[in-house]
2 protein chains.
Amino acid sequence: MDERSALRRLAAALPAAGDDAALVDGLVVTTDMLHESTDFPAGTTRYTAGWRSVGASLSDVAAMGAKATAAVAAYAAPTLDEDELDAFLDGAVDVCEAVDAEYVGGDLDTTGEFTVATTALGETDAPVRRAGANAGDVVCVTGALGRTAAGLRAFDAGETERGNELFRFTPRVAAGVALAPHATAMMDSSDGLARSLHQLAEASDVGFDVSWDAVPVHDAVDEYAEDDADRREMATTVGEDFELVCTVPAAAVDDARAASPVPLAVVGDVVDEGVRLDGESLADEGYTH
Amino acid sequence: MDERSALRRLAAALPAAGDDAALVDGLVVTTDMLHESTDFPAGTTRYTAGWRSVGASLSDVAAMGAKATAAVAAYAAPTLDEDELDAFLDGAVDVCEAVDAEYVGGDLDTTGEFTVATTALGETDAPVRRAGANAGDVVCVTGALGRTAAGLRAFDAGETERGNELFRFTPRVAAGVALAPHATAMMDSSDGLARSLHQLAEASDVGFDVSWDAVPVHDAVDEYAEDDADRREMATTVGEDFELVCTVPAAAVDDARAASPVPLAVVGDVVDEGVRLDGESLADEGYTH
């Protein structure tokens, strides 16, 4: 059983789960576990690890259109080094401050591989789910895609300072709250744009026609992309960018854009079926966490 | 830096943390990470692992005197086996049902060692902290101690069914809520009675005189204890029993006992300083998670 099948099973078993975060009486809760070997390239500082792991959970809160309130982390490493722990905590606290949430502590443990489990909490009276998109809506993306893909290239090239900088994204909590009144469906792009579109399509029972020219690509992608095909892959399938992908009625786009504190790009239309990029079928491929 | 120093550092850095759980505007949140090599003896079923790992976090909610509302878990294993995952989820759901909380899902991941991170949420208007005990109060324990020590012996002896049964404790959420109006300080006994007393003593700036005869010992301890000294160690230092240790003004003991849905044993007195068992200094020793 791969992770996607397992997650589907989890969602089916638990009615409160199955979206970016679970909802319990207006309280949003979401948890993630990250591992050194799969989530933190060599050169990732503990400050960046704290920022990014807590940020990933805050991004799930943002994807529900909820205000983020608090986060906790369980930190496990082969040895509990004081400087590393302090740096991790600084990163966790700083990313929470960046979205007006409070980092309220956690658990510590020794284990073979550096592992972090983060949980973020939020509040909303009107959550935006993955289901809700309608044919005739447009599909939008906040910010720009490909930042993590560029960060991975930077780490590969030994440019660790640049890699760390690119890995410390700002969770789109303010944008999620601002877009919530306008969006019909929303999720974060942590699995990449292609897979996010497929997940929204499945949850909402719709399709998407997306134009590559309209997809906002992060400036750093151009520093590392080898060619156009590589550039497209960096922006659409590598994922972990933690931008928001949402659908908005065409008539509400101007209001949504005015409300959003970050650029909001209309990348295509919601249609009856199929997920296409420039008219060609877009494979359901992406990073599997 | 050992885990206790690291946790102290964490608590000092974060005013909202440092007790059994953190508090954010009446919301209680706590997180734990458990690993196969340190927390689940060979023979532990995934059902028991789900029950126990989620139960450990629910116990931290109980220790604040809070109502438990919800829990999530991040599950990582070398392979995502369908039956194992289902069993884990069943255990997680069942322990939540046992304390009237809702299991609302989580995250899945592959990793080298079976690892679970759980987060539990609760609500309280009047949290009971580790600080607050006064000389003249009495110190009480819910239920009976040594259950996990006996469970470990059962697993060691190859009696896996018995071991699993002993490992599936009921978190003392109902007792915590019932005791909260009477208790001056409270925590759970997850680090063992000896260490719990030292932690309460440090937080409240008091001491304890405890009588061994008054300590409630779990029936299963007598099945496995080799002699009296072993029996005492199983009940006082092995820990992970997830009972509540609380202090209550002497005049409130009858009311506290009447309110508690489980037996409440008065095991000693709160004094000005020192932690003693039968008049002898009780070492700050116990299980370090």
Side-chain angles (χ1 to χ4, degrees), chain A residues 1-7 9-11 13-19 21-25 27 29-35 37-39 57 69-76 79-82 85-86 89-90 93 102-113 115-119 121 289, chain B residues 1-7 9-11 13-19 21-25 27 29-35 37-39 57 69-76 79-82 85-86 89-90 93 102-113 115-119 121 289:
Chain A
M1 186 163 59
D2 66 17
E3 278 178 42
R4 296 181 69 209
S5 314
L7 282 167
R9 192 171 187 85
L10 191 70
L14 300 161
D19 220 295
L23 270 157
V24 196
D25 301 332
L27 181 72
V29 54
T30 175
T31 194
D32 296 279
M33 197 188 293
L34 302 179
H35 307 279
S37 60
T38 47
D39 298 293
S57 287
T69 52
V72 293
Y75 174 107
T79 55
L80 295 177
D81 177 87
E82 200 171 299
L85 181 62
D86 280 352
L89 289 173
D90 285 346
V93 167
E102 195 179 355
Y103 182 72
V104 295
D107 185 35
L108 285 162
D109 212 350
T110 50
T111 189
E113 183 189 7
T115 300
V116 184
T118 57
T119 301
L121 306 178
H289 299 276
Chain B
M1 185 165 57
D2 66 16
E3 278 177 42
R4 297 180 69 209
S5 316
L7 282 167
R9 192 171 187 85
L10 191 69
L14 299 162
D19 220 295
L23 270 157
V24 196
D25 302 331
L27 180 72
V29 53
T30 174
T31 194
D32 296 279
M33 198 188 294
L34 302 179
H35 306 280
S37 59
T38 46
D39 299 292
S57 287
T69 52
V72 293
Y75 173 108
T79 57
L80 296 176
D81 177 87
E82 200 171 301
L85 181 61
D86 281 351
L89 289 173
D90 285 346
V93 167
E102 194 179 355
Y103 182 71
V104 294
D107 186 35
L108 285 163
D109 213 349
T110 49
T111 190
E113 182 189 8
T115 300
V116 184
T118 57
T119 301
L121 306 178
H289 299 276

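Below, chain A is the first sequence line, B the second, and so on; all start at residue 1.
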side-chain contact (heavy atoms from CB on, under 4.5 Å) between A:Asp109 and B:Leu34, intermediate numbers included: CA-CA 8 Å; A:Asp109 212 350; B:Leu34 302 179; 5.7 Å; no
From A:Asp25 atom CG to B:Glu102 atom CD, the distance as rounded to the nearest 0.5 Å: 7.5 Å
Approximate separation, where rounding is to 0.5 Å, of B:Leu27 CG and A:Thr69 OG1: 7.0 Å
Which residues share a side-chain contact (heavy atoms from CB on, under 4.5 Å) with B:Thr111, sequence neighbours left out: A:His35, A:Glu113, B:Ala76, B:Thr115
side-chain contact (heavy atoms from CB on, under 4.5 Å) assessment of A:Val29 paired with B:Leu121: CA-CA 9 Å; A:Val29 54; B:Leu121 306 178; 4.2 Å; yes
Which atom of B:Val24 lies closest to which atom of A:Ala70, heavy atoms considered: CG2-CB, 4.0 Å
Candidates A:Thr118, A:Thr30, A:Thr119, A:Asp107 - the one meeting side chain to side chain donor-acceptor pair (under 3.5 Å) with B:Thr119: A:Thr119
Most chain B-contacting option - heavy-atom pairs closer than 4.5 Å, from A:Ala74, A:Ser37, A:Gly112, A:Ala117: A:Ala74
